[in-house]
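Before any comments, here is the structure.
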Amino acid sequence: MPELPEVETVARDLQRWVAGAVIDEVEVRWERTIRHPLPVERFAAEVRGARIAKVGRRAKSVLLRLDDGRLLSIALRMTGALLVAPPAAPDDRYARVVFHLADGRQLRFRDVRKFGRIGLWRRVGQAFSRHGPEPLSGSFTAARLRERLRRRSGRLKSLLLDQSFIAGVGNIYADEALWHARLHPLRRAGTLTLAEVARLHRALRRVLRQGITNRGTTFSDYVSADGEPGANAEQLSVYRRTGQPCLRCRRQIQRMVVGQRATHWCAHCQPLAGAAA
DNA sequence: ACGCCTACCTGCTTGC
DNA sequence: TGCAAGCAGGTAGGCG
């Protein structure tokens, strides 16, 4: 599902396909996709005629920077996809918002489950003031992670999913990072040793980078802007590998529910008591 | 601060 | 075959 690597893949593709394009018209087919409190009519009026200057990503949102400095944020949530359709492409019943580009193409926000949200902002800070640091940025150091962990008492798994703690990590990459770091999902944040924090930091960056390299993880819905699934599912170590052998110790991967989320881990490599060998 | 719950949605899988 | 229940999980908001 779209987490940081999937959204990054979409953003990089769109930078190539639609940077410089002009939005002629906006067609909103599911009104709740447009973030409250902006009325849909005003949203369409505000976006009409704008040129897309640059496409980027913050957290799990694709950002379309308009040439007057305003920002369109598109949160894909569970099933959202941004697809560029050529002029004669057949319609898509799941296209919730269609940006009609001046060159005849359409930038479609496809979203089966309607969880996705599109917002319009004056500045980046407005939209993401409550989000935590970007795990792949240069300023996200092990020391900074340690500082943030030290102040918390919650479980690692829940914390990794908390967007105000770290931006962009979701259920798949959280489980993967904990396996690589050999840390139990229920470990309390404040109890990590220096070496464990270093492992977690390294693991987070490793799994996210690998996800980007493989153009994202696809189980059912995720496709990048070219409509193609990602290749990272085959590279996963624990996520949805319940009962299969751990790639380190060959023991069976376990599954449990933490904070209402399916969680996969190796009971041997990721022990709860004491540091893993 | 944290855990826990519900709501938001639809399609696919499972079980009877 | 039909049909209902269960499941998937990102995020906001509410409660204790």
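Everything numeric in this text was worked out from a predicted model, so none of it was measured. Per chain, numbering begins at 1; letters A, B, ... match sequence-line order.
- Which of C:dG9, C:dA8, B:dC4 sits closest to the side chain of A:Met78 comes down to C:dG9.
- Spacing between C:dG6 and B:dT6 at atom P, rounded to whole Å, works out to 13 Å.
- Protein atom CG of A:Asp221 is 11 Å distant from nucleotide atom P of C:dG9, rounded to whole Å.
- With P as the reference atom, B:dC12 and C:dT11 are 23 Å apart, rounded to whole Å.
- For DNA chain C, if you chain together Watson-Crick or G-U pairs that step i with j, i+1 with j-1 and so on, the runs of at least three with distances under 3.5 Å are B:2-8 with C:10-16, B:10-16 with C:2-8.
- Within residues 113-120 of chain A, the residues having any heavy atom under 4.0 Å from DNA chain B are, by residue number, A:Arg113, A:Lys114, A:Phe115.
- By the side-chain contact (heavy atoms from CB on, under 4.5 Å) test, A:Gln252 is found to be paired with A:Gln254, residues two or more places apart in sequence or in another chain being considered.
- The side chain of A:Val112 sits closest to B:dG11 out of C:dG10, C:dA8, B:dG11.
- Electrostatic pairing of A:Arg150 and A:Glu147 counts as a salt bridge here, judged by a charged N lying under 4.0 Å from a carboxylate O.
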ask   = Could you write nucleotides 11-16 of chain C as a row of B, S and -, 5' to 3', where a protein heavy atom under 4.0 Å of any base atom gives B, of only sugar-phosphate atoms gives S, and otherwise -?
value = B-----
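- We find that CZ of A:Arg110 is positioned 13 Å from P of B:dT10, with the value rounded to whole Å.
- In this structure, A:Val223 belongs to a hydrophobic cluster whose other members, linked by side-chain heavy atoms under 4.5 Å apart, are A:Leu83.
- Residue pairs meeting the salt bridge (charged side-chain N to carboxylate O under 4.0 Å, His left out) criterion with at least one member in residues 27-38 of chain A, sequence neighbours excluded, are A:Glu27-A:Arg29, A:Arg29-A:Asp91.
- With both ends at atom P, the span from B:dC9 to C:dC3 equals 25 Å, rounded to whole Å.
- In terms of the side-chain contact (heavy atoms from CB on, under 4.5 Å) criterion, residue partners of A:Asp92 (sequence neighbours excluded) are, by chain and number, A:Tyr94, A:Ala95, A:Arg108, A:Arg110.
- In terms of the ring-ring contact (aromatic ring centres under 6.0 Å, His included) criterion, residue partners of A:His201 (sequence neighbours excluded) are, by chain and number, A:Phe140.
- Using atom C1' as the reference point in both B:dG11 and C:dA12, the two lie 23 Å apart (nearest Å).
- For A:Arg209, the side-chain contact (heavy atoms from CB on, under 4.5 Å) partners two or more places apart in sequence, or in a different chain, are A:Leu136, A:Arg205.
- Looking at heavy-atom distances under 4.0 Å, A:Arg32 makes contact with sugar-phosphate atoms alone, never a base.
- Other cluster members for A:Trp179: A:Val238, A:Leu247, A:Ile253, joined by side-chain heavy-atom distances under 4.5 Å among Ile, Leu, Val, Met, Phe, Trp and Tyr.
- By the side chain to side chain donor-acceptor pair (under 3.5 Å) test, A:Thr242 pairs with no residue at all, sequence neighbours left out.
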Side-chain donor-acceptor pairs under 3.5 Å in residues 15-24 of chain A, sequence neighbours left out?
| from | atom 1 | to | atom 2 | distance (Å) |
| --- | --- | --- | --- | --- |
| A:Gln15 | OE1 | A:Val55 | N | 2.9 |
| A:Arg16 | NH2 | A:Asp13 | OD1 | 3.4 |

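- Counting non-hydrogen atoms under 4.0 angstrom, A:Thr79 reaches nothing in the nucleic acid.
- Ion pair A:Arg51/A:Asp68 not flagged as a salt bridge, since none of the NZ, NE, NH1 or NH2 atoms sits closer than 4.0 Å to an Asp/Glu carboxylate oxygen.
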